[in-house]
Amino acid sequence: MTIAVVVELSVKPEHSSDIAAGLAQTLAVTRGFAGCLGIQGCRHDSVPHRFVMLEHWESRAHYERYLEWRKQTGMMEQMGGVLADVPSTRIMDVIA
């Protein structure tokens with residue numbers, strides 16, 4: 001079943017420009033990952049250190065393989081140093 005994933009990130013304000021600049025490259029790689037149907041990176045218009053990723057995946061299994069791959073590449077560990085809070089992730093079945 002197709003899923004939608006919403007990831008909300010709050011980064012340390014001094015890193016918000018770096019994250020915004022790096023998203024284009026990072027998300028281009030994600031779009032090429034098996035099972036990714038699309039991903040958008042958004043930045044809050046009045047709180048520039050808050051970001052939201054809107055993702056669509058063929059299945060939860062595809063998404064979980066992607067997360068494991070990101071962990072193996074060290075990206076998750078690198079992100080830990082710039083985050084101001086624990087990310088919020090919501091996974092939902094697409095029904096319409």
Could you tell me which residues satisfy ring-ring contact (aromatic ring centres under 6.0 Å, His included) with Phe51, sequence neighbours excluded, listed by chain and number? none
Following the transitive rule for hydrophobic clusters with a side-chain heavy-atom cut-off under 4.5 Å over Ile, Leu, Val, Met, Phe, Trp and Tyr, establish whether Leu27 and Leu37 coincide in one cluster. no
Smallest separation among heavy atoms of Leu9 and Pro87, with atom names: CD2-CB, 3.6 Å
Salt bridge (charged side-chain N to carboxylate O under 4.0 Å, His left out): which pairs involve residues 4-18, sequence neighbours left out? Glu8-Arg50, Glu8-Arg90
Would you list the pairs meeting salt bridge (charged side-chain N to carboxylate O under 4.0 Å, His left out) in which at least one residue belongs to residues 60-79, sequence neighbours left out? Arg60-Glu64
Same cluster or not: Val94 versus Val5, using hydrophobic residues (I, L, V, M, F, W, Y) connected whenever any side-chain heavy atoms lie under 4.5 Å apart? no
Identify, with sequence neighbours excluded, every residue that meets side-chain hydrogen bond (donor to acceptor under 3.5 Å, both in side chains) alongside His15. none
Qualifying ring pair (Phe, Tyr, Trp, His ring centres under 6.0 Å) pairs, either residue in residues 75-96, two or more places apart: none
Co-members of Ile95 in a cluster of I, L, V, M, F, W and Y side chains, linked at under 4.5 Å: none
Stepwise, does the side chain to side chain contact (heavy atoms under 4.5 Å, CB included) test hold for Leu23 with Met53? CA-CA 10 Å; Leu23 274 179; Met53 304 312 125; 4.0 Å; yes
Can you pull out every ring pair (Phe, Tyr, Trp, His ring centres under 6.0 Å) where at least one residue sits in residues 77-96? Sequence neighbours excluded, please. none
Drop me the distance from Glu58's CD to Thr2's OG1, to the nearest 0.5 angstrom. 7.5 Å
Side chain to side chain contact (heavy atoms under 4.5 Å, CB included) involving Leu54 - partner list, sequence neighbours excluded: Val6, Gln40, Cys42, Val52
When clusters are formed by joining ILVMFWY residues with side-chain heavy atoms under 4.5 Å apart, either directly or through shared neighbours, do Val47 and Ile19 land in the same one? no
Pairs involving residues 66-90, ordered by first then second residue, that meet ring pair (Phe, Tyr, Trp, His ring centres under 6.0 Å) (sequence neighbours left out): Phe33-Tyr66, Phe33-Trp69, Trp57-Tyr66
Tell me every residue that passes side-chain hydrogen bond (donor to acceptor under 3.5 Å, both in side chains) with Ser59, counting only those two or more places apart in sequence or in another chain. His62
Shortest non-hydrogen contact between Pro48 and Ser16, atoms and distance: O-CB, 3.4 Å
Give, for atom CD of Glu55 and atom CZ of Arg31, the distance between the pair rounded to the nearest 0.5 Å. 10.0 Å
Residues at least two apart in sequence or cross-chain that pass side-chain hydrogen bond (donor to acceptor under 3.5 Å, both in side chains) with His49, listed by chain then number, are none
